[in-house]
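Below is one structure, written out as structure tokens, with a few remarks after it.
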Amino acid sequence: MEAVLPGGAVRAFPRATPLSAIAEAFDPSLAGRAIAAVVDGVEKDIYLPLQQSGRLEFITPESPRALEIYRHTTSHLLANAVKDLFPEVKIGIGPATEEGFFYDFERAEPFTPEDLERIERRMREIKKADHPIRRIEQPKEEALAYFRKLGDNLKVELVAEKGGAVVSCYRQGNFMDFCTGPHLPSTGAIGAFKLLTVAGAYWKGSEKNQQLQRIYGTAFPTEDQLQEHLRLLDEAKKRDHRKLGPALDLFSVEETAGPGLIFWHPNGTIVRQILEDFWKEEHRRRGYQLVTTPHIARDELWRQSGHLDFYKENMYTFEIEEAGYVIKPMNCPGHSLIYKSRLRSYRELPIRYAELGTVYRYERSGVLHGMMRVRGFTQDDAHIYCTRDQIVDEIKGVLDLVITFLKTFGYDRYEIDLSVRDPAHLEKYAGDDTGWRMAEDALTQALESRHLSYIRREGEAVFYGPKIDVRMFDAIGRPWQGPTVQFDFNLPQRLGIQYVAPDRSQTPVVMVHRAIYGSLERFVGGLVEHYAGAFPVWLAPVQAVVLPITDRTLDYAREIQDLLRAAGLRCDLDVRNEKIGAKIRDAQIKKVPFMLVAGDREAQSRTVSVRSRREGDLGPMGLEAIRDRIAQMDGGRVLGP
RNA sequence: GCCGACGUAGCUCAGUGGUAGAGCAACUGAUUCGUAAUCAGUAGGUCGCCGGUUCAACCCCGGCCGUCGGCUCCA
């Protein structure tokens, strides 16, 4: 029997040699370090024997796959501990996740933070006991009988639904769970872990089912990695826009006015307006026409568009003089009315209508989240109306726009999803087959012509058309919902959006929805976290602050402020009777990019001592020089310090 | 909406049934100072809201509102 490693190394072994022994034979440094193996592409527990010749690969704690195995095994450890402490609890599912792991439990009493501590202590005891973790393959009936006897009805349901005639379970000490594996070879092999929170979660993710208690935790091979992860969580907390936003006086949410409604303060409004101006400029340049549509409209429009059927529970409606009205939850019907206000010829296509349109949507209270998920928000919405042979160019144009924006804001890592129909259920989609194929081809072609890699997601398209979604990653690597481009085969049909073709026939138009920011609220919230509140000069609400050392230089300081203001820069002046250290500290906390210290020396030489919020003291500079430097960073949309 | 936790001064947080506290911020005064907090004083609270228990409630109980962590849903 032969084992082949990825490097090509080959060795012979007696039949049924344990994988761990093979690992050690190949490379003594792997002894006790290999946590699992991949045999001919299938993951196996490390203590299992090799039954026939094959290609082998070993998973060590450093392997990318290792994390998931550690976490999954830790989730079993969690369930094991919970069962020990609360035998009456029924266990649900317990997978590894991106950030750690969880396990769902059914229990009448809620788990308290004290329970979590007890559970964690028990987990450590079981880890210390170092029980071997062993895979058991048994007839489905036996596994069912086992969980039935324990009264673990959730598990019984799972085993019954999944698995073939023979199912695999993993046993450690007195605890056994239904699982495909692989797992670490023993509880002692488990690394560093920590339980984090408990939350409600519906059984099998459906609101119709009972709600279970989900205990979240995270786990890593080493304590250092765990600590680093906790540090990152802490860093994310410091960047939280819900904390920084009000602290930097950007926005607030007012209980009196209602949840999910954003009040943009002067500082936030500066950032917002810069985004709006930049957006308008880029759109006009690319042949978009700006439009403005009303915030309310008769319900008839929404009946025609279909929203009253499929979007009703998200819409605010009211009645005036016996007529029903809707507060707009979307801009597309309005734009389409402008299109339809007269006959359109193929000669005027494509038509691109763009609007920073404020919409209101009822969102369930539990989903609201700072500026990210709100009930009133402004979409940077545009709709492209074109013919079928224009769509590839149009999509290319949108992608170019998207890339420009991502670059400008410093989102240099992103992923693209192409969501297409579920080939198994073509009947649930609006529009004709040729249209869908053309649209999908157009999206693909455009992506490829721009050399953008993407992930094709079958069945992820919405019912009215295929789409491209961009996921952008912020400065600390977290993903954010970014730009989106969607075809719509439904609305043109429902609203009769057509153009007169060269043969004089009325032809349905192709409609594309697209947004770059998504919503100004969400985008600005994202920027706050991306920059940790330290906006680049071009976006900073205050770009520079003049700090006089004493009242003697107050007039000189005013002069500097005026000079910068005259250049169109946003410059504050700290007139408080404070020591320079205190003024600097406060400017640092407000994350002002430049501090301009003006004391007697500077007044004498008509200079300022420049301090950068990131680089500290830069020494004295001439007034015009610093003004020009800041103006250059402003105009050039420089991202640096 | 559902499960759980939380809600005390502008902010961060003490306060376990007997008249509500600190630091920072604010205000006033003194100080005029060189790269992340000068000193002193003053003011600031129907303890989220409503109801109940009690001689007495920030504290115990119930309802509601809001926030947070999730689920579900989404720009």
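We use all heavy atoms of the structure for the numbers below, so side chains are in, but hydrogens, waters and symmetry mates are not. Here is the naming used below: chain letters follow the sequence lines, and residue numbers restart at 1 for every chain.
Nucleotides B/G62 and B/G23, compared at atom P, are 36 Å apart to the nearest Å. Rounded to the nearest Å, the gap between the C1' atom of B/A37 and that of B/C24 is 10 Å. A gap of 22 Å separates the P atoms of B/A36 and B/A40, to the nearest Å. The same atom, C1', is picked in B/G15 and in B/C55; the two are 23 Å apart, to the nearest Å. Comparing the C1' positions of B/A9 and B/G44 gives an interatomic distance of 6 Å, to the nearest angstrom. Spacing between B/A22 and B/U8 at atom C1', rounded to whole Å, works out to 13 Å. When the C1' atom is compared between B/U53 and B/C60, the two are found 8 Å apart, to the nearest whole Å. The same atom, C1', is picked in B/G66 and in B/G48; the two are 7 Å apart, to the nearest Å.
Residue contacts for A/D380: at a heavy-atom cut-off of 4.0 Å it reaches no nucleic acid atom on any strand shown. The residue A/A515 sits apart from the nucleic acid: no heavy atom pair falls under 4.0 Å. Contact annotation for A/I549: base contact, defined as any heavy-atom pair under 4.0 Å involving a base atom. Residue-level contact check: A/G599 touches the bases, meaning some heavy atom is under 4.0 Å from a base atom.
In this entry the distance linking CG of A/D551 with P of B/G34 reads 14 Å, nearest Å. Distance, A/N209 CG to B/C3 P: 15 Å, rounded to whole Å. Atom CG of A/L212 is separated from atom C1' of B/G4 by 13 Å (rounded to the nearest Å). Look at CD on A/E602: it is 11 Å from C1' on B/U35, rounded to the nearest Å. Distance, A/D586 CG to B/C24 P: 13 Å, rounded to whole Å. The separation between A/D600 atom CG and B/C33 atom P is 8 Å, rounded to whole Å. A/R614 places its CZ atom 16 Å from the C1' atom of B/A36, with the value rounded to the nearest Å.
In summary, A/R118 and A/E114 do not engage in a salt bridge, as defined by a charged side-chain N under 4.0 Å from a carboxylate O. For A/E394 and A/R514, the salt-bridge test fails: no basic side-chain N is under 4.0 Å from an acidic carboxylate O. A/R471 and A/E415 are joined by a salt bridge, as a carboxylate oxygen and a charged side-chain nitrogen come within less than 4.0 angstrom of each other. A salt bridge does not link A/D574 with A/K590: none of the charged nitrogens is closer than 4.0 Å to a carboxylate oxygen.
With hydrogens and angles left out, the side-chain atoms of A/Y216 and A/E99 include no donor and acceptor closer than 3.5 Å. Inspection of the A/H335 and A/T293 side chains reveals no N or O donor paired with an N or O acceptor under 3.5 Å. For the residue pair A/H241/A/E529, the side-chain donor-acceptor check at 3.5 Å is satisfied. Side-chain atoms of A/T404 and A/R286 include a donor-acceptor pair closer than 3.5 Å. A donor-acceptor pair shorter than 3.5 Å can be found between the side chains of A/S336 and A/Y385.
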Tabulated below should be each protein N or O lying under 3.5 Å from an N or O of nucleotides 26-29 of chain B; please produce it.
none

Which atom pairs link the protein and nucleotides 40-46 of chain B when you take only N or O atoms and keep those under 3.5 Å?
none

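Across the interface with RNA chain B, nearest-nucleotide mapping of A/F111 and A/S609 shows A/F111 to be the residue nearer the 5′ end. Along RNA chain B, the nucleotide nearest to A/R613 and the one nearest to A/T112 differ in position, and the one closer to the 5' end is contacted by A/T112.
Under the salt bridge (charged side-chain N to carboxylate O under 4.0 Å, His left out) criterion, the residue pairs touching residues 211-220 of chain A are A/D104-A/R214, with sequence neighbours excluded.
Here the two rings, on A/F101 and A/F193, have centers that are 6.0 Å apart or farther. Side-chain rings of A/F409 and A/H530 stay apart, their centers remaining 6.0 Å or farther from each other. With ring centers used as reference points, A/F86 lies 6.0 Å or more from A/F105.
The side chain of A/A582 lies closest to B/U38, out of B/U38, B/U35, B/U32.
A 6.0 Å sphere centred on NZ of A/K194 holds no more than 12 heavy atoms belonging to other residues, nucleotides or ligands. Atom CD of A/E98 sits in a sparse spot, with 12 or fewer heavy atoms from other residues, nucleotides or ligands closer than 6.0 Å.
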* Asked: Tell me, for nucleotides 64-75 of chain B in 5' to 3' order, what letter each nucleotide earns: B for a base near a protein heavy atom under 4.0 Å, S for only sugar-phosphate near one, - for neither?
  -> -BSSSBBBBBBB

* List the protein contact pattern of nucleotides 9-16 of chain B with one symbol per nucleotide (5' to 3'): B for base contact, S for sugar-phosphate-only contact, - for none; contact means a heavy-atom distance under 4.0 Å. => ---S----

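Using cut-offs of 30° and 60° for the angle between ring planes, the A/F278 and A/F405 rings count as tilted. Below 30°, between 30° and 60°, or above 60°: for A/H513 and A/Y464 the angle between ring planes is between 30° and 60°, a tilted geometry.
Atoms CD and CG, on A/E254 and A/L261 in that order, are 10.5 Å from each other to the nearest 0.5 Å.
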* **Pairing pattern in dot-bracket form [Watson-Crick, G-U; both distances under 3.5 Å; | = partner strand] for RNA chain B** => (((((((..((((....[..)))).(((((.......))))).....(((((..]....))))))))))))....

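OP1 and OP2 of B/G34 both lie 4.0 Å or more from every side-chain N or O belonging to A/R611.
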